[in-house]
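To start, the structure under review is shown below, and the notes come after it.
Scope of the values below: all heavy atoms of this structure, side chains included, with no hydrogens, waters or symmetry mates. Each ligand, and each atom within it, is numbered from 1 in the order the structure gives.
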Amino acid sequence: MTVEEIVGPATRMVFHSPMSEERANRIAADLAATRPATVADYACGWGELLLRVLALAPAARGYGVDLSGRDLARGRANAAARGLGDRVEFVEGPARENARTADVVISSGAWQAFGRNVTRALEALRPLVNPGGRLFFGVEHWETVPPPERLAEMWPGTTAESYELLADLADHAVAAGFRPLRIESSTRPEWDDYESLETMDAEEWLLAEPDHPDAAAVRDRLDGKRSIWLRGHRDYFGFTMLTLGVPG
Ligand SMILES: C[S@@+](CC[C@H](N)C(=O)[O-])C[C@H]1O[C@@H](n2cnc3c(N)ncnc32)[C@H](O)[C@@H]1O
């Protein structure tokens with residue numbers, strides 16, 4: 001087992017984004033209410049939001065793309081367990097090269113799959129949304145621009161320019177041809193869950209295997225990640241969820 005395999009799976013997380021189930025269920029209901037025939041989730045991970053939309057839109061067919069075969073296998077198993085297996089296709093590969101149009105398009109926590117910045121990603125996603133359709137776009141941003149001493153505690157190379165303010169992201173969506181139907185951002189409890197649940201499997205493994213040859217490397221990885229969160233980005237880093245419409 002590699003350190004990546006120990007730290008990676010995050011089976012405690014429901015979504016691989018800082019999003020509560022309550023919020024996700026409401027978003028899924030709003031997207032399903034548009035009565036989509038097709039729903040596509042790009043960089044879907046295990047496709048939890050996609051599956052929740054499909055469950056509420058019985059006529060819809062789903063399509064999810066991700067680079068991670070492990071996460072896609074989890075999505076396929078969840079789909080089968082919920083009786084959705086015959087309405088969803090999960091494809092392993094780069095999102096952009098496997099993109100097709102849909103009535104509802106989801107891109108959550110992975111705009112990088114579509115461009116070198118958020119503006120380019122929104123421009124690339126716009127033609128994928130059928131007339132009258134929706135884009136659900138989840139994207140990180142600065143709540144307020146962090147001071148240098150906090151930037152220095154974040155991921156190596158993070159600068160004030162690494163992310164944008166929410167108002168500017170919303171403007172980019174409008175400039176790309178969308179109208180913002182709903183703008184919402186993750187709360188502190190959603191972030192706390194995201195950070196804690198992402199590492200809980202590995203923390204429990206470490207408790208069970210303190211003398212394993214990989215234990216020191218796993219401990220270093222977890223301690224570094226926790227420091228980046230608590231000393232670095234906590235309260236500065238935001239995640240916004242934009243429900244965007246296009247003209248019919
Ligand atoms: C933070 S996770 C978000 C997953 C999912 N959208 C969710 O909210 O649960 C980012 C995902 O993007 C995927 N990813 C990154 N680059 C990609 C690309 N070029 N094409 C497809 N998937 C990609 C990763 O494998 C990972 O599953």
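- Within 6.0 Å of CZ in Arg26 there are more than 12 heavy atoms belonging to other residues, nucleotides or ligands.
- Seen from the ring of Tyr236, Arg150 does not count as a face-on cation partner, given the 6.0 Å and 45° thresholds.
- Residues Arg126 and Leu135 have side chains not in contact (no heavy-atom distance under 4.5 Å, counting atoms from C-beta outward).
- For ligand 1, the protein residues placed under 4.0 Å by at least one non-hydrogen atom are Phe15, His16, Ser17, Ala43, Cys44, Gly45, Asp66, Leu67, Asp71, Gly93, Pro94, Ala95, Ser108, Gly109, Ala110, Ala113.
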Inset, instruction - Just do the side-chain hydrogen bond (donor to acceptor under 3.5 Å, both in side chains) check on His233 and Glu153 with the steps written out, would you? - result: CA-CA 8 Å; His233 65 75; Glu153 299 287 349; over 6 Å; no
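- For the side chain to side chain contact (heavy atoms under 4.5 Å, CB included) test with Arg134, the passing option among Leu244, Val129, Leu181, Val246 is Leu181; the others fail.
- Ring geometry for Trp191 against Phe237 counts as tilted: the plane angle lies between 30° and 60°, on a 0 to 90° scale.
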